[in-house]
Amino acid sequence: MAQKVNIEELLKSMTLKEKIGQLTQLAPFFFKDSAKGIVTGPMEALGIKDSDIWNAGSVLGTAGAEETIEIQKLYLERNEKKIPLMFMADIIHGYRTIFPIPLALGCTWDENLVEKVARVSAIEASAGGVHVTFSPMVDLVRDPRWGRVMESTGEDPYLNSVMARAFVRGYQGGDISKEGNIASCVKHFAAYGAVEGGREYNTVDVSERMLREFYLPSYKAAIDEGCKMVMTSFNIVNSIPSSGNKWLLRGILRGEWGFDGVTISDWGAIKELIPHGVAEDEKEAARKAIQAGVDIDMMSGCYAKHLEELVEEGQVDIKLIDEAVYRVLKLKEELGLFENPFKGVDKEKEKRVVLCEEHRRIAREVAAASIVLLKNENVLPFNKDIKKLAIIGPYADEHAILGPWSWQGRWEETVSLKEGIINKIGESKVLVEKGCETEGESDAQYKESLKKALKAASEADAVILALGEHYDMSGEARSRAFITLPGRQEDLAREIIKLRKPTVVILFNGRPLEIRELYKIAPAVLEAWFPGTEGGNAIADILFADKIPSAKLTMSFPYTVGQIPVYYNHFNTGRPKPSEDSTERFCSHYVDIPNAPLLPFGFGLSYTQYEYSKIELDKNILHGNDSIKATVKIKNVGKYPGDEIVQLYIRDLTASVVRPVKELKGFKKIHLEVGEEKEAVFEITEDMLRFYNENMEYISEKGKFLLMIGPNSRDLQTVEFEYR
Ligand code: BGC
């Protein structure tokens, strides 16, 4: 076992080459191949030498006790100073027990559940040797064409911030030196979610005001919660790529926010300063990145190849290197790696904790809490006494329902929809037909499948249409221009719905889809997202009312793609549309579609119904440090117990700069038994009214405000109050 170290002394003893090594992150195969004396293509392509490998400070994208122990051992045998390697990986929504995708996690509106997800992820991942996870991804998203919306918790800065904090708490557990806790790396700093046209890696152009008001708060929230690392984004911010953006990294992140943890580039992003057109070559890219404040170079090789000469030529101040290396070593120390480079990683423990019963139970609970009921005309819940239930569609018995970034998850360990339903009502009652594929199918094949599907549906008392995007249609580099259901799924649905059986459409997807027509004709629609390992069981829990739907959307479902970006916290414009059915010509509208999305932010139904009382304010004038109490009573007037997510929005009616028509400022998830009534009490304080004024000062202004409370961002009660 290595000894406790004095980092300052260690740093002083290191050669420049060793220091630069700490700022270099490589993929695992470099170590294994180099130990065997193999020089691989990627090594050559990056220009990485043997000595670089055995000085590299961290590895990415590997896990598993056996593998990480092997690499750490190989490394420590060869690294002169015996500085342990740090293992980083994308543990985004679970390690081996896979939870719903983050967009679905957002829909739980439940920070405790999200914290639990991160906790379980950390316990499993750390047993597999992971020290740092590249999560949470907190990019605010408004464009469902972008494949990575599945990684975010949605379109709202407040909700995203609450969730960002929950993730960090869960991973880090308050103390990363403890076994079972891992460090969290928030990403992608900044505004990656604003790529133009939703096209991956595209240009981002947001004003500083937009950046500060909408995009930055969630990263800041993660940092305020103690998040140890920040990853830069691929995009430009104010025309400078994030990985070379001093204003962003040294100005805002370190200067304004006081972040003293480690920064890391995204994969190869330092080298991408060249195609972006702000660096002539790799050397200039390395210089710009280190000067801008990027500590670790993930997989571009620019630091390993050029930092040494840049320092020797006096182009880069050694102080910058020392500071960055110090931060990396400090993180290793905080993780307890100097004392034990194998901290937490344990083959036996790994076997015990990974995918254990308890973790599966939590995955099932979380998945049920993330499934959003979008429509229900007396179809759901199903009765367990049902005689025949037909499950039709490409997702009827599909195990690939883990979603992107579930590389440690396994399809064969995943409960499909069919399996979940059989677990609930037995095999004899279930008919299964695929009906069609999500892609690549001939007319003849489709005709044949449709015939079988129609037969099964006609024999059944109720039908489930299990539809969705192919699992590889969302995630990184998976932008889509048409966000409809691929293949002939809508045709299939139309044919089946014509049979007029009680039919529910269940959607498996990584983004809000364009489902306008289907939504009109389907008697019931359930949004299951990619629900993870226990997906099938969780959906069955919902279908048969062992769990009551409570989730609500955190990203608007557009009416059509032509409306994008469509989000609830927009501005009013100078010519707002008077109402959705207005025929006013010269107002801000489309001649062919409504302004409103098909399904708004915050929307989701349940099997039970809730009645909201009138909002009561204890006073309607807010002074200085005082607060207003807004109370609304919510009563469960339906037939099932349930959890209602009560939402609070505020609008600044007149200000020195334009303000959104509403902004989420609070929410409460309230459990109500049948017939039960509870109060939701919100405290309105001055800080909720703040925004960036003309001079970019974060202030509040006196005046009139609207306070809105309701079950979603559309159906709200409104009262006025004044801030004096
Ligand atoms: C992604 C990051 C990820 C990294 C490491 C990049 O391509 O943008 O989100 O953390 O790869 O796997």
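Start at 1 with the first residue, then count along the sequence.
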Using the side chain to side chain donor-acceptor pair (under 3.5 Å) rule, take T608 and N636 through it: C-alpha gap first, then chi angles, then the decisive distance, then the call.
-> CA-CA 7 Å; T608 194; N636 183 347; 2.5 Å; yes

Criterion side chain to side chain donor-acceptor pair (under 3.5 Å) on T554 and T153, from CA distance to verdict = CA-CA 7 Å; T554 55; T153 48; over 6 Å; no

Kindly indicate, with the supporting measurements, whether the criterion side-chain contact (heavy atoms from CB on, under 4.5 Å) is fulfilled by V230 and L249.
-> CA-CA 10 Å; V230 173; L249 301 177; 5.6 Å; no

Given F530 and M150, is the side-chain contact (heavy atoms from CB on, under 4.5 Å) satisfied, shown in steps?
-> CA-CA 9 Å; F530 287 115; M150 54 74 45; over 6 Å; no

L113 vs E365, side-chain contact (heavy atoms from CB on, under 4.5 Å): CA-CA, chis, key distance, verdict | CA-CA 9 Å; L113 280 187; E365 177 192 354; 3.5 Å; yes

Step-by-step side-chain contact (heavy atoms from CB on, under 4.5 Å) determination, I670 to V646 | CA-CA 8 Å; I670 297 178; V646 186; 4.0 Å; yes

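Atom CD of E697 has more than 12 heavy atoms from other residues, nucleotides or ligands within 6.0 Å. Environment of CD in E584: crowded, with over 12 heavy atoms of neighbouring residues, nucleotides or ligands closer than 6.0 Å. The number of heavy-atom neighbours closer than 6.0 Å to CZ of R254, taken from other residues, nucleotides and ligands shown, is above 12.
Note that K187 lies outside the cation-pi zone of F134, set by a 6.0 Å cut-off to the ring centre and a 45° limit from the axis. For the pair K552 and F603, the cation-pi test (distance below 6.0 Å, angle within 45°) is failed.
Screening residues 100-122 for ring-ring contact (aromatic ring centres under 6.0 Å, His included), with sequence neighbours left out, gives W109-F601, W109-F667.
By the 4.5 Å heavy-atom criterion applied to side chains, T232 and L248 are not counted as neighbours. Between S713 and Y567, every side-chain heavy-atom pair lies at or beyond the 4.5 Å cut-off. A heavy-atom distance below 4.5 Å is found between the side chains of D139 and Y219. Looking at heavy atoms from C-beta onward, I483 lies in side-chain contact with R145 at the 4.5 angstrom threshold. Inter-residue side-chain proximity for I542 and Y607 is flagged as met; some heavy-atom pair is nearer than 4.5 Å. Taking the side chain as every heavy atom from C-beta outward, S370 and F99 never approach each other to under 4.5 Å. Counting heavy atoms from C-beta on, the side chains of R651 and R659 never come closer than 4.5 Å. Here the side chains of L689 and D652 are not in contact, with every heavy-atom distance at 4.5 Å or above.
The salt bridge (charged side-chain N to carboxylate O under 4.0 Å, His left out) search around E679 returns none, not counting sequence neighbours. Residues meeting the side chain to side chain donor-acceptor pair (under 3.5 Å) test with Y192, sequence neighbours left out: R148, E200. Checked against salt bridge (charged side-chain N to carboxylate O under 4.0 Å, His left out), E673 has no partners two or more places apart in sequence or in another chain.
Taking all atoms of both residues into account, the shortest heavy-atom contact from N160 to G154 is ND2-O, 3.0 Å. K669 and D643 get closest at one heavy-atom pair: CE-CB, 4.1 Å.
From S135, atom OG reaches atom CH2 of W405 across 10.5 Å, with rounding to the nearest 0.5 Å. Taking CG of L329 as the start and CE of M86 as the end, the distance is 8.5 Å to the nearest 0.5 Å. To the nearest 0.5 Å, atoms CZ (R119) and CZ (R169) are separated by 12.0 Å. Atom OG of S265 sits about 9.0 Å away from atom CD1 of I296, to the nearest 0.5 Å. Residue L335 holds its CG atom at 9.0 Å from CD of Q172, rounded to the nearest 0.5 Å. Put simply, CG on L374 and CD on E527 are 6.0 Å apart, with the number rounded to the nearest 0.5 Å.
A donor-acceptor distance shorter than 3.5 angstrom exists from the side chain of E155 to the backbone of S556, with no hydrogens or angles considered. Between the side chain of K665 and the backbone N or O of M688 there is at least one donor-acceptor pair closer than 3.5 Å. Although no hydrogens or angles enter the test, the distance criterion places no donor-acceptor pair under 3.5 Å between the side chain of K704 and the main chain of T654. Distance alone, capped at 3.5 Å, places no donor-acceptor pair between the E476 side chain and the G147 backbone. Panel note: side chain Q647, backbone G602; a donor-acceptor pair is recorded below 3.5 Å. For the pair S152 (side chain) and L140 (backbone), a donor-acceptor distance under 3.5 Å is absent. Listed for the N245 side chain is a donor-acceptor partner under 3.5 Å among the backbone atoms of I240. Side chain of S606 to backbone of P549: a donor-acceptor contact under 3.5 angstrom is found. The backbone N or O of D175 lies less than 3.5 Å from a partner atom in the side chain of N181, making a donor-acceptor pair. The backbone N or O of R511 sits nowhere less than 3.5 Å from a side-chain atom of S474 that would complete a donor-acceptor pair.
Between R690 and E686 a salt bridge is recorded (basic side-chain N to carboxylate O distance below 4.0 Å). Between R212 and E256 there is a salt bridge, since a side-chain N of the basic residue sits under 4.0 Å from a carboxylate O of the acidic one. Between E580 and K577 there is a salt bridge, with a side-chain nitrogen of the basic residue lying less than 4.0 Å from a carboxylate oxygen of the acidic one.
Tested against P558, the residues L599, D143, V566 include a single side-chain contact (heavy atoms from CB on, under 4.5 Å) partner, V566.
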Using a 3.5 Å cut-off and no angle test, enumerate the donor-acceptor pairs between side-chain atoms of residues 618-635 and protein atoms at least two apart in sequence or in another chain.
unit_1: D618; atom_1: OD1; unit_2: K629; atom_2: N; d: 2.8
unit_1: K619; atom_1: NZ; unit_2: S627; atom_2: O; d: 2.7
unit_1: S627; atom_1: OG; unit_2: E683; atom_2: OE2; d: 3.1

Pairs of donor and acceptor atoms involving the side chains of residues 221-229, under 3.5 Å and at least two apart or interchain, shall be tabulated with distances.
unit_1: D224; atom_1: OD2; unit_2: K220; atom_2: NZ; d: 3.0
unit_1: E225; atom_1: OE1; unit_2: R165; atom_2: NH1; d: 2.8
unit_1: K228; atom_1: NZ; unit_2: E334; atom_2: OE1; d: 2.6

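With hydrogens and angles left out, the side-chain atoms of Y568 and D156 include a donor and acceptor closer than 3.5 Å.
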